[in-house]
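Below is one structure, written out as structure tokens; comments come after it.
Start at 1 and go down the list; that is how both ligands and their atoms are numbered.
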Amino acid sequence: MYQSMLYPCINACRTYRTLDGMWKMQFDPEGKGRAEGWQNGLPEPFSMPVPSSFSDLFTEKEKRDYCGDFWYETKFYLEADDGRRVILRFGSITHRADIWINGIHAAYHEGGFTPVVIDISEYVTFGARNRIVVCANNELNETSIPCGTVRTLPSGRRLAQPYFDFFNYSGIQRSVHLLRIPAESLLDYDTEIRLNGSDAEIRYHAATDGNHEVCAELFDRDGQKVSEAEGKDGILTVRDAHLWQIGDGYLYTLVFRILDGEKEIDKYPARLGIRTVETKGNRILLNGQEIYLKGYGKHEDFEVIGRQFSYAVAQRDFELMEWTGADCFRTSHYPYAEEWYQMADERGFLIIDEVPAVGMMRSLVNFAAAAGDGADTRFFTGGHVQQLQENHRLAIEEMIQRDKNHPSVIAFSLFNEPETNYQEAHDYFEPLFAFARTLDVQKRPLTGAMLFSSRPGSDTCGSLCDFISLNRYYGWYVAGGSEIEEAEMIFRMEMDQWAEICTDKPLVFTEFGADTYAAEHKLPDVMWSQEYQNEYYEMNFRVMDDYDFVSGELVWNFADFQTTEGTMRVNGNKKGIITRNRQPKDAAYLLKKRWQAR
Ligand code: EVA
């Protein structure tokens, strides 16, 4: 593996090309590929687009739901050796993969939502064609992030059984890049920002794999140099800084150069937004000013393409989110493709970045625990915990390393709805929070989205969070339909309890929502109708507006999305404000009215 996760760029020192296109693919239900030498070439492949989620491209169920090992192969021509490193970079491979170059094992990577970056210089042949073979695997277990299990049917066919509420899309779902970068190069960098009146001070640290001098130059949007400094650690001062703000994604360019006298060894241009984020008392502050988050929990999910990144879908989603007056989304329940963050940086959009720690409860319908009173499957006890924690740690490390320099990322979420009602849960999460704090020099707030049963008195993990994030379904899983007046009453009772804790801690709603069938209208309303979705949100907003420590509302979900089939889901989760093909339901207008007025 290679230590750098920097996004590819092209200039006089660095180049890249994409290896996206049609690759070969083959399923390996018996897991015999390695023994049969498939790493040297697939025996009976079919064609498959890369990137893509393979599931919704097929017409056969067995292929859609395939669970196990699946292999990819492609070849690429490599030009002559010019002394630079050759780096192979997958945006992600879900959920784990072994990679061979010309038959030589080059890497193993666990975790399906962060880049797999490999220095393949020593495995390639220059001036010739080279073969890449990937053996990916999409099984879920209780040490994988996200968690789940695999069920074997009597026929021997295996099915993924997620402990979470989204389809287990898999494959090489993000772009593949082949990079040539200098032998001595920038590996990583950090920036810490302080504001002094209208000026800003940016402390940077540049990590390289050599000893040559580093210089940093900062350019404004017009290309004017506004500051420069020398050394791997330095301070850039900006007079009258143009701050990065909600709706004003002003980006400077921070250029790192490695110099050997006059000779430029490496050059990397990074985009930089000047902004600070912190919590103070029970408020969230951006550039020292209180903000209130308005927006959505999302998924990377769309018809046909599944979880594959598409600029077009992302663009439509930003347009729709902004049209409703939103300014924030949570990357529920995994880090998204890097391009989402770049687009958010440019638009001045806020992101709560979430690690794929979801399904930490032994339940195939864990969302239904939203109605239960204290899920306790003792998930954080037993032999699997240590390995789970190791994978979780790795996922946190890779997410923060990848995303720490995006101005749009204002917080990291380290879990979604684990059981938190016993001491072992606290013991599990405490070192992970401490670890995450060592990774982010910007000291962004850390949080985790809490289950219905995680509440004052029972929860053991809220104390680890800089702000409390609640997933709540009063009026849906809890006292829905005609009982909604009761839902309002017990919602208020819970909020009264949080009021005692939140004198010094902000609270954000990270989920609340009601399944709504886009074709359904009913007067008086019933659950699943568009009118009920409106009534549900009106009630929830009435309650939230009465508690001034509430610092944000991210509704569940931006759009309808695919899940595993079952009696609780109608061809997917229908809590979208927007349909799966990206048209508004009635509730979109309600949100628009509310958010544009705030
Ligand atoms: C739901 N509820 O029931 C959502 C899930 C989500 O999709 C949750 O965090 O509590 C989960 O993944 O619609």
Side-chain angles (χ1 to χ4, degrees), residues 113 140 145-148 160-169 295-301 307 329-336 352 354-375 377 379 413-421 447-455 459 461 468-480 487 491 494 508-517 527-528 532-533 536-537 540 553-580 585 587:
F113 301 95
L140 301 169
I145 302 260
C147 302
Q161 308 250 284
Y163 293 171
F164 50 85
D165 187 33
F166 50 92
F167 193 83
N168 190 38
Y169 283 120
Y296 301 95
K298 277 180 80 6
H299 267 295
E300 287 187 294
D301 175 279
R307 195 148 287 129
F329 68 90
R330 175 172 64 123
T331 69
S332 37
H333 294 303
Y334 38 80
Y336 291 3
I352 298 177
E354 187 160 275
V355 80
V358 56
M360 301 185 132
M361 178 199 302
R362 242 162 240 121
S363 168
L364 301 182
V365 285
N366 62 13
F367 45 85
D373 46 8
T377 67
F379 192 77
S413 166
L414 303 191
F415 59 71
N416 183 72
E417 297 193 340
E419 299 167 354
T420 68
N421 291 351
T447 190
M450 301 220 283
L451 185 65
F452 180 67
S453 56
S454 304
R455 35 172 85 214
D459 157 68
C461 294
I468 301 287
S469 295
L470 295 186
N471 294 355
R472 290 296 180 268
Y473 288 91
Y474 289 107
W476 186 252
Y477 297 116
V478 180
F491 189 7
E494 183 183 351
V508 169
F509 283 91
T510 36
E511 285 185 22
F512 56 115
D515 280 279
T516 305
Y517 212 61
M527 292 170 83
W528 293 88
Y532 187 72
Q533 194 178 28
Y536 171 94
Y537 278 115
N540 275 266
E553 50 195 52
L554 306 185
V555 308
W556 189 257
N557 186 284
F558 168 71
D560 294 346
F561 58 93
Q562 196 65 56
T563 63
T564 311
E565 60 193 323
T567 51
M568 297 284 288
R569 295 289 175 252
V570 189
N571 182 20
N573 187 309
K574 297 287 188 261
K575 293 194 186 68
I577 298 300
I578 306 290
T579 60
R580 200 176 186 219
K585 298 183 192 170

Exercise. Side chains of Asn571 and Gln562: donor-acceptor distance under 3.5 Å anywhere?
Worked result: yes
Exercise. Where's the contact between Val358 and ligand 1, heavy-atom distance under 4.0 Å: side chain, backbone, both or neither?
Worked result: neither
Exercise. Using a heavy-atom cut-off of under 4.0 Å, does the side chain or the backbone of Asn573 touch ligand 1, or both, or neither?
Worked result: side chain
Exercise. Between Arg307 and Glu300, does at least one N-O distance fall below 4.0 Å, as a salt bridge requires?
Worked result: no
Exercise. Heavy atom of Phe561 under 4.0 Å from ligand 1?
Worked result: yes
Problem set entry | Arg569: numbered ligand 1 atoms lying under 4.0 Å from its heavy atoms | 1 (C), 3 (O), 13 (O)
Exercise. Atoms of ligand 1 less than 4.0 Å from His333 heavy atoms?
Worked result: 6 (C), 9 (O), 12 (O)
Exercise. Atoms of ligand 1 less than 4.0 Å from Asn471 heavy atoms?
Worked result: 9 (O)
For this session: Tell me which part of Phe166 gets within contact of ligand 1: side chain, backbone, both or neither, using heavy atoms under 4.0 Å.
Result: neither
Problem set entry | Phe164 heavy atom under 4.0 Å from ligand 1 | no
For this session: Could you list the residues that satisfy salt bridge (charged side-chain N to carboxylate O under 4.0 Å, His left out) with Asp459, not counting sequence neighbours?
Result: none
Exercise. Once the angle between the rings of Tyr536 and Tyr532 is folded into 0 to 90°, is it parallel (under 30°), tilted (30 to 60°) or perpendicular (over 60°)?
Worked result: tilted
Exercise. So how far is it from Ser454 OG to Arg472 CZ, rounded to the nearest 0.5 Å?
Worked result: 6.5 Å
Exercise. Would you call Tyr473 a ligand 1 contact, heavy-atom distance under 4.0 Å?
Worked result: yes
Problem set entry | Option from Tyr537, Phe491, Trp528, Trp556 for which ring-ring contact (aromatic ring centres under 6.0 Å, His included) with Trp476 holds | Trp528
For this session: Find all atoms of ligand 1 within a distance of less than 4.0 Å from any non-hydrogen atom belonging to Tyr477, and give their numbers and elements.
Result: 1 (C), 3 (O), 13 (O)
Exercise. With a 3.5 Å cut-off and no angle check, do the side chains of Thr447 and Ser469 form a donor-acceptor pair?
Worked result: yes
